[in-house]
Amino acid sequence: MPFISKIQRQSDYSSFPSSHPIVIDNGGSYFRIGWAGESEPRVIFRNIIQRPRHKITGETVTVVGDHDPALLKYFDCTRSGPRSAFDSNVVYQFEIMEYILDFGFDRLGADQSQINHPVLITECACNPVQSRSKMAELLFESYGVPSVAFGVDMAFSYRYNQQLGICSNDGLAICSGFNTSHVIPFFNGEPVFEACCRTNVGGYHITDYLKQLLSLKHPHHMSKLTWEKVEDLKMEHCYIASDYASEVKLFQRGDKKAEDKTRCWQLPWTPIPTEEAPSEEEIARKAALREKQGQRLREMAEAKRFNKINDLENEIRDLEMLLQRLRHARESDIPSILGKTVYSSKQDVESALTKASQSLRKAKGEPVESVEKIDPSTDEKYNLIKVPDEMLTPDQLKQKRKQLFIKSTSEARQQKKQKQVEEEIERERQKKLEEERRLENPEQYLEELRAKHRELSEKVEQRKRLKTNGGHTNGNHNASSGVGRGERLNPSQRERMRLLTTAAFDRGKGEDTFGTKDEDWQLYKLMSKDNDDDYDKPDSDETELARISTRLREIDPTFIFKSDLGSTSEEAPRFVPQTKEDFQIILGVERFRCPEILFNPNLVGIDQSGLDEMVGISIRRLPKGSEDLEGRITNSILLTGGSCLFPGMNERLEAGIRMTRPCGTPINISKASNPIYDAWRGASDYAAAMQFPQQTFSKMDYYEKGEDWLRNYQIRYSI
Amino acid sequence: MEAEVVEAELVLPNHMRFKKIQMYEKYPKGQARVRWKHLKQLLPAENYQNYPPHLPNYVNIESPPSAHPCKRICDITGYEVLELIMAPYFDPRTKLRYANTEVFKIIRSLPNDYVQRYLALRNAAVVLR
């Protein structure tokens with residue numbers, strides 16, 4: 001049940017006489033203001049302000065409390081979040097406090113030249129005197145309040161419940177508020193502050209914890225997890241486990257009970273429209289279109305080919321004619337004939353002719369005869385090889401060496417080609433074999449392939465990790481994303497770093513002899529980054545893996561190709577919430593993990609005792625000689641403050657307190673009639689009492705008696 | 001200003017009839033903002049050391065550290081980490097506590113800022129200043 005601000009302006013301000021006190025409960029989360037003697041505060045709003053900028057006029061304005069968020073659209077709130085006057089449970093920012101008081105008095109209907117009513121305002125237990133004096137000053141100077149009284153909220157709450165008979169004269173108040181939690185013993189209706197105890201954990205911390213946990217768990221819905229919404233979630237779903245360990249075990253086991261305890265918040269979600277399969281006509285239309293385009297392209301290609309053939313035929317004809325003329329012409333005429341053409345000799349013309357006829361054949365699609373004809377004159381080509389060296393001239397010897405070289409290289413080429421062909425055949429054979437096996441038992445084959453893929457990819461993965469991590473095998477899958485947290489460099493990178501650092505520190509020591517030797521310059525080669533390349537060469541496993549994954553891609557529709565191994569970017573595809581489940585915020589363990597911080601502040605890094613332990617501490621702090629009080633005190637424990645509303649609070653506290661108290665101690669814990677409003681109600685009741693004016697002090701008192709007096713100022717609660 | 005904003009009286013007026021000193025007089029525009037002392041700065045100025053220690057004050061009413069052993073729970077799931085063995089499930093790299101192998105896989109795949117945010121939850125994050 002979320003709290004709703006009550007901010008209607010009251011109209012009956014002038015009907016109250018000037019002696020009628022105004023009562024303010026200045027709480028960490030809510031500010032409540034009303035008239036003494038009434039049962040409900042008149043105005044309630046969240047104790048925060050915002051100072052957004054008006055979008056049109058650019059003017060900075062002040063907005064106090066919670067308002068309709070729809071109205072805030074006219075303002076630019078990006079640069080100013082909600083701000084509070086509190087640091088922990090102490091008011092320190094009196095500019096904000098003044099805005100809040102302005103708003104409070106304004107909504108109470110104040111319309112005279114000053115606030116001519118005594119004011120009772122709550123403060124925290126043992127409020128630092130500076131905060132107290134600034135508050136008094138503010139009330140006296142800015143608002144002209146005639147007299148002021150300060151009181152502690154939980155003492156008023158205790159007093160109110162005492163009058164209702166919920167707790168007795170001697171007892172203990174456990175108050176868990178917004179910023180802090182207190183335990184205060186009461187003796188004869190008076191709080192014993194000497195024995196009081198404060199832990200800086202409250203509702204704020206619980207909401208913040210829940211908000212952080214949920215936004216870490218659902219990073220996509222961060223914007224939906226506003227403070228207000230999380231606060232609502234907390235109030236609606238959080239509870240206190242009677243025993244954290246056993247409760248969490250339920251969830252760890254994940255059985256039915258845990259399922260029942262899990263709450264789910266469905267965010268607004270609209271299913272993504274599934275793409276409709278195109279209709280038959282559409283498919284046919286598209287196919288026709290494609291066919292038409294293909295036809296056009298084919299025609300174009302055909303025309304081009306035809307032109308080319310034509311050109312080539314013309315060229316051949318010309319060349320043949322030229323050759324004819326050359327054959328019949330005399331030797332002396334040849335240059336004059338060739339002078340008109342680009343050719344320089346008869347051989348040139350012949351080779352051009354063969355080339356042209358070859359390309360013509362190619363253009364016509366006839367098989368090209370092997371370019372590398374078996375040279376009939378092998379013996380002739382390598383004529384010198386078989387001749388012994390002694391019989392050759394030095395010139396011939398050179399020739400022979402050349403021939404030897406050419407022969408060996410051409411043979412090697414031949415061999416290589418042979419080998420390639422053989423390998424091709426072998427691969428083909430294996431493929432066929434595999435295909436046969438697949439056809440024999442497709443299921444098993446697929447399974448085997450998958451297993452092999454898994455195995456290999458793990459192996460490759462492992463190697464990669466070793467490479468980047470230098471022997472550390474860990475489950476980090478983003479190891480490849482650069483050198484990060486604790487990641488180690490690979491050996492060559494390490495060597496480079498070593499060289500660089502030695503080079504950097506080598507400066508200025510003795511004479512600089514760098515560069516006198518040629519080897520010195522080798523250093524730069526070693527330092528350069530290119531050295532890494534050989535380290536990243538794919539090995540046989542990787543190629544095998546690549547082969548298997550392509551094969552799997554061919555035959556297995558369910559196979560998802562993760563990443564090609566060449567590139568190391570292994571980032572998982574960005575998760576995009578799509579399904580209904582992705583738009584659910586699940587509250588499981590969080591439901592009791594967050595309020596658990598009241599009992600174990602250590603969970604949020606606050607090194608203080610929890611609520612149950614505080615009771616023991618508080619009792620131990622009681623003045624000596626009050627043993628009988630110690631026995632009685634636990635018989636009347638009052639729970640108050642907003643954070644006491646969690647279900648299971650009473651039981652947990654009782655169990656915790658029973659552990660620390662002697663056996664047989666009566667323990668009686670009761671919740672305040674209304675843990676949230678009782679402080680104001682008690683204060684209102686108190687301010688309406690006949691003796692209230694004696695508890696207040698005026699501006700005169702304040703300035704005459706000084707700060708030290710204010711430090712020791714304390715009202716008597718049991719009037 | 002828009003009519004609906006005016007109607008809702010969303011914006012706090014600058015001038016209040018019931019005030020003796022108005023906000024704009026106290027904090028004139030363009031003047032340097034008052035720097036309010038935070039609680040941390042306020043408390044030393046209270047000079048509590050000059051007063052007898054049995055008098056209650058803001059500092060000495062604070063509760064001491066818990067006498068119970070520190071509860072260790074998994075940072076991600078909230079599952080309890082076995083207390084018998086001293087924190088066996090503690091990842092030295094991220095410094096996160098974890099409940100089981102699945103959680104371990106998760107924490108190792110978390111980006112660094114998430115790790116730091118989880119650590120910040122229990123006030124154990126590395127704070128760079």
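For clarity, every value in this text was computed on a predicted model and none was experimentally measured.
- Note on B:Ser63, B:Ala67, B:Pro56: by heavy-atom pairs under 4.5 Å with chain A, the leading option is B:Ser63.
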Next item on the list: Please step through side chain to side chain donor-acceptor pair (under 3.5 Å) for the pair A:Thr199 and A:Ser181, ending with a clear verdict.
Entry: CA-CA 5 Å; A:Thr199 290; A:Ser181 299; over 6 Å; no
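- Between atom NE2 of residue A:His205 and atom CG of residue B:Leu121 there is a gap of 12.5 Å, rounded to the nearest 0.5 Å.
- No other option in B:Arg33, B:His54, B:Gln22 has as many heavy-atom pairs under 4.5 Å with chain A as B:Arg33.
- In terms of heavy-atom pairs under 4.5 Å with chain A, the best-connected choice from B:Asn60, B:Asn123, B:Val11 is B:Val11.
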Check: Stepwise, does the ring pair (Phe, Tyr, Trp, His ring centres under 6.0 Å) test hold for A:Phe599 with B:His68?
Finding: CA-CA 11 Å; A:Phe599 292 88; B:His68 296 315; over 10 Å; no
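- Interface summary for chain A: among B:Glu62, B:Arg17, B:Arg122, the most heavy-atom pairs under 4.5 angstrom belong to B:Glu62.
- Inspection of the B:Tyr51 and A:Arg711 side chains reveals an N or O donor paired with an N or O acceptor under 3.5 Å.
- For B:Ala120, no part sits under 4.5 Å from any heavy atom of chain A, backbone or side chain.
- The minimum heavy-atom distance between A:Pro128 and B:Tyr58, with the atom names listed, is CD-CD1, 3.9 Å.
- Of the two parts of B:Glu25, neither the backbone nor the side chain holds a non-hydrogen atom closer than 4.5 Å to a non-hydrogen atom of chain A.
- Both the backbone and the side chain of B:His38 come within less than 4.5 Å of a heavy atom in chain A.
- In terms of non-hydrogen atom pairs under 4.5 Å with chain A, the most contact-rich of B:Phe18, B:Tyr48, B:Tyr114 is B:Phe18.
- When each of B:Met16, B:Met23, B:Lys40 is scored by its heavy-atom pairs under 4.5 Å with chain A, the top score falls to B:Met23.
- Annotation: maximal heavy-atom pairing with chain B below 4.5 Å, among A:Glu707, A:Glu194, A:Glu613, occurs at A:Glu613.
- In this structure, the portions of B:Tyr118 lying under 4.5 Å from any heavy atom of chain A include both its backbone and its side chain.
- Ring geometry for A:Phe592 against A:Phe251 counts as tilted: the plane angle lies between 30° and 60°, on a 0 to 90° scale.
- Ring geometry, A:Tyr13 versus A:His117: the interplanar angle exceeds 60°, so the pair is classed perpendicular (tilted spans 30 to 60°).
- Residue B:Ile76 touches chain A through its backbone alone, counting heavy-atom pairs closer than 4.5 Å.
- With a threshold of 4.5 angstrom between heavy atoms, B:Tyr27 approaches chain A through side-chain atoms but not through N, CA, C or O.
- A heavy-atom distance below 4.5 Å is not found between the side chains of B:Ile107 and B:Val115.
- The closest donor-acceptor contact from the side chain of A:Ser246 to the backbone of A:Asp243 lies under 3.5 Å.
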